[in-house]
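First the structure, in the form of structure tokens, and then the observations on it.
Note that these values count all heavy atoms, side chains included, but never hydrogens, waters or copies made by symmetry.
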Amino acid sequence: MPLTLLSSPLQGFTDFRFRNAFNQYFGGIDTFYAPYIRFNNKLIIKNSYKLDLQLENNTELEVIPQIMTNSADEFLFVVDYIQELGYKELNWNLGCPYPMVTNRGMGSGLICDPEKINHILERVHKETDIVVSMKMRMGYENPEEILDTFPILDAYPLKNIAIHARIGKQLYKGGVNLEAFQKCIESTKHKLYYNGDITSVTKLKDMQTRFPSIDHFMIGRGLIADPFLPSMIKNDTTDYPENRWDIFREFHDTIYQQYDAALSGPTPIKMKMQGFWEYFAQSFSNPQKTFKKIKKANNPRAYQQAVSEILKNG
């Protein structure tokens with residue numbers, strides 16, 4: 001069964017700059033999901049979202065826009081916007097676990113309201129011809145919540161449902177619930193994608209063995225922590241390239257320069273790269289020490305020196 005790998009959207013990380021550089025230096029991802037579009041009371045699409053979805057910024061990649069909403073009107077507004085750009089699919093985020101989202105009845109906080117989900121899907125399918133796909137968790141409070149949505153979801157021609165095998169309340173703590181994911185496979189007619197804790201070639205193989213009917217796997221945090229992972233999975237190898245750190249350095253320098261040009265001043269670029277290094281550090285023998293070096297670098301020159309030292313020691 002051919003294997004398809006997808007990049008899970010991570011807000012603040014997987015924008016077009018990261019996606020293009022990742023694709024150039026590592027590859028292995030078949031489809032990228034753009035970080036979600038979300039509104040603040042007004043139907044205005046922020047410039048950062050516009051920039052991220054502009055076709056000229058995504059020429060080499062298959063990219064699918066995503067929306068975070070509990071409003072049919074917002075959903076329809078985004079459909080109009082992305083269709084004007086030429087996109088044919090919109091992914092609906094019912095997976096985000098963070099309280100600032102779930103407390104407003106969005107992300108995984110909406111899974112417990114099948115009626116509202118039905119209302120939105122009904123309007124979208126009646127009023128547009130957009131292809132809809134879903135990104136979900138098992139629920140927010142418990143993993144049974146998603147099961148109550150399947151009778152509704154099965155009434156619509158969804159392209160797929162990507163399921164992160166945790167509940168929202170967990171955030172990213174604790175293990176994935178593979179028994180609950182198996183129940184999902186048995187409870188819907190829709191094509192399911194698996195998401196959650198794919199951090200190594202071995203873990204991916206374990207999931208393939210456990211779920212032989214699944215051939216689409218979504219990688220989120222693991223893709224940033226180890227950018228070589230998707231291509232290693234595709235090539236069925238656990239061996240890194242001999243010039244691993246040279247490749248990583250080129251990738252790092254590319255995104256650093258692009259974010260530095262886009263952000264104003266030393267503090268925003270420092271915070272942006274620190275965010276990445278929280279994940280990057282996990283590829284090194286002493287993640288805590290590695291990240292500490294980055295945090296201590298208080299200016300661009302000190303930062304570049306810290307990066308050079310880290311990569312020199314591998």
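Between the Asp113 side chain and the Gly105 main chain, no donor and acceptor come within less than 3.5 Å of each other. No donor-acceptor pair closer than 3.5 Å links the side chain of Asn177 to the backbone N or O of Pro143. Panel note: side chain Asn313, backbone Glu309; a donor-acceptor pair is recorded below 3.5 Å. Without hydrogens or angle criteria, Lys203 side chain to Ile198 main chain gives no donor-acceptor distance under 3.5 Å. Under a 3.5 Å cut-off, the side chain of Asn58 and the backbone N or O of Gln54 do form a donor-acceptor pair. One N or O on the side chain of His190 and one on the backbone of Leu153 form a donor-acceptor pair closer than 3.5 Å. Between the Lys272 side chain and the Gly12 main chain, a donor and an acceptor come within less than 3.5 Å of each other. A donor-acceptor distance shorter than 3.5 angstrom exists from the side chain of Ser231 to the backbone of Phe228, with no hydrogens or angles considered.
Residues satisfying the salt bridge (Lys or Arg N to Asp or Glu O under 4.0 Å) criterion with Asp73, sequence neighbours excluded, are Arg123. Asp253 meets the salt bridge (Lys or Arg N to Asp or Glu O under 4.0 Å) test with Arg249; sequence neighbours excluded. For Glu278, there are no salt bridge (Lys or Arg N to Asp or Glu O under 4.0 Å) partners, not counting sequence neighbours. Checked against salt bridge (Lys or Arg N to Asp or Glu O under 4.0 Å), Glu145 has no partners two or more places apart in sequence or in another chain.
A donor-acceptor contact under 3.5 angstrom links the side chains of Glu89 and Ser133, judged on distance only. A side-chain donor-acceptor contact under 3.5 Å links Gln66 and Asn93. Under 3.5 Å, the side chains of Asp215 and Gln208 contain no donor-acceptor pair of N or O atoms. Lys270 and Asn298 form a side-chain donor-acceptor contact under 3.5 Å, judged by distance and modelled atom types alone.
Phe280 and Phe291 have their aromatic ring centers separated by at least 6.0 angstrom. Between Tyr259 and His252, the ring center distance fails the sub-6.0 Å criterion. Separation of the Tyr81 and Tyr87 ring centroids does not fall under the 6.0 Å cut-off. Under the 6.0 Å cut-off for aromatic ring centres, Tyr193 and Phe217 do not qualify, their centroids lying 6.0 Å or more apart. Taking the six-membered ring where the residue is Trp, the centroids of Tyr36 and Trp92 are separated by 6.0 Å or more. Aromatic ring centres of Phe211 and Phe181 lie closer together than 6.0 Å.
By the 4.5 Å heavy-atom criterion applied to side chains, Gln288 and Asn286 are counted as neighbours. Two residues are said to be in side-chain contact when any heavy atoms from C-beta on lie closer than 4.5 Å; Arg166 and Met138 fail this criterion. In this structure the side chain of Met136 reaches within 4.5 angstrom of the side chain of Ile111, judged on heavy atoms. Contact check for Cys96 versus Lys135: no side-chain heavy atoms found under the 4.5 Å cut-off. With a 4.5 Å cut-off on side-chain heavy atoms, Ile219 and Ile233 count as touching. Looking at Phe16 and Leu53, their side chains never come closer than 4.5 Å, going by heavy atoms from C-beta outward. Side-chain contact check for Ile247 versus Pro241: some heavy-atom pair is nearer than 4.5 Å. Between Ile185 and Ile214, some side-chain heavy-atom pair lies under the 4.5 Å cut-off.
Heavy atoms of other residues, nucleotides or ligands lying less than 6.0 angstrom from CD of Glu242 number 12 at most. Around atom NZ of Lys183, no more than 12 heavy atoms belonging to other residues, nucleotides or ligands sit under 6.0 Å away. For Gln305, the CD atom counts as loosely surrounded, since its 6.0 Å shell holds 12 or fewer non-hydrogen atoms of other residues, nucleotides or ligands. Sparse packing is recorded around NZ of Lys312, with 12 or fewer heavy atoms of other residues, nucleotides or ligands lying under 6.0 Å away.
Of all heavy-atom pairs between Gly139 and Ser108, the closest is O-CB, 3.9 Å. Closest approach of Ile130 and Leu90 over heavy atoms only: CG1-N, 3.9 Å. The two atoms that bring Gly222 and Thr199 nearest to each other are CA-CG2, 4.4 Å, heavy atoms only. The shortest heavy-atom contact between Leu110 and Lys116 is CD1-CD, 3.7 Å.
Salt bridge present: Asp197 and Arg221 bring a charged side-chain N and a carboxylate O closer than 4.0 Å. Residues Glu122 and Lys126 are paired through a salt bridge, judged by an N-O separation under 4.0 Å between the basic side chain and the carboxylate.
Between Phe251 and Tyr25, the ring-plane angle classifies as perpendicular under the 30° and 60° cut-offs. Note: Tyr279 and Phe13 have perpendicular aromatic rings, judged against thresholds of 30 and 60 degrees for the angle between ring planes.
With hydrophobic clusters built from ILVMFWY side chains whose heavy atoms lie under 4.5 angstrom apart, Tyr256 shares a cluster with Trp245. By the criterion of side-chain heavy atoms lying less than 4.5 angstrom apart, applied directly or through intervening Ile, Leu, Val, Met, Phe, Trp or Tyr residues, Tyr33 is not grouped with Tyr194; the two fall into different hydrophobic clusters.
Applying the ring pair (Phe, Tyr, Trp, His ring centres under 6.0 Å) definition to pairs two or more places apart or across chains, those involving residues 111-149 are His125-Tyr156. Under the salt bridge (charged side-chain N to carboxylate O under 4.0 Å, His left out) criterion, the residue pairs touching residues 19-30 are Arg19-Asp52, Asp30-Lys234, with sequence neighbours excluded.
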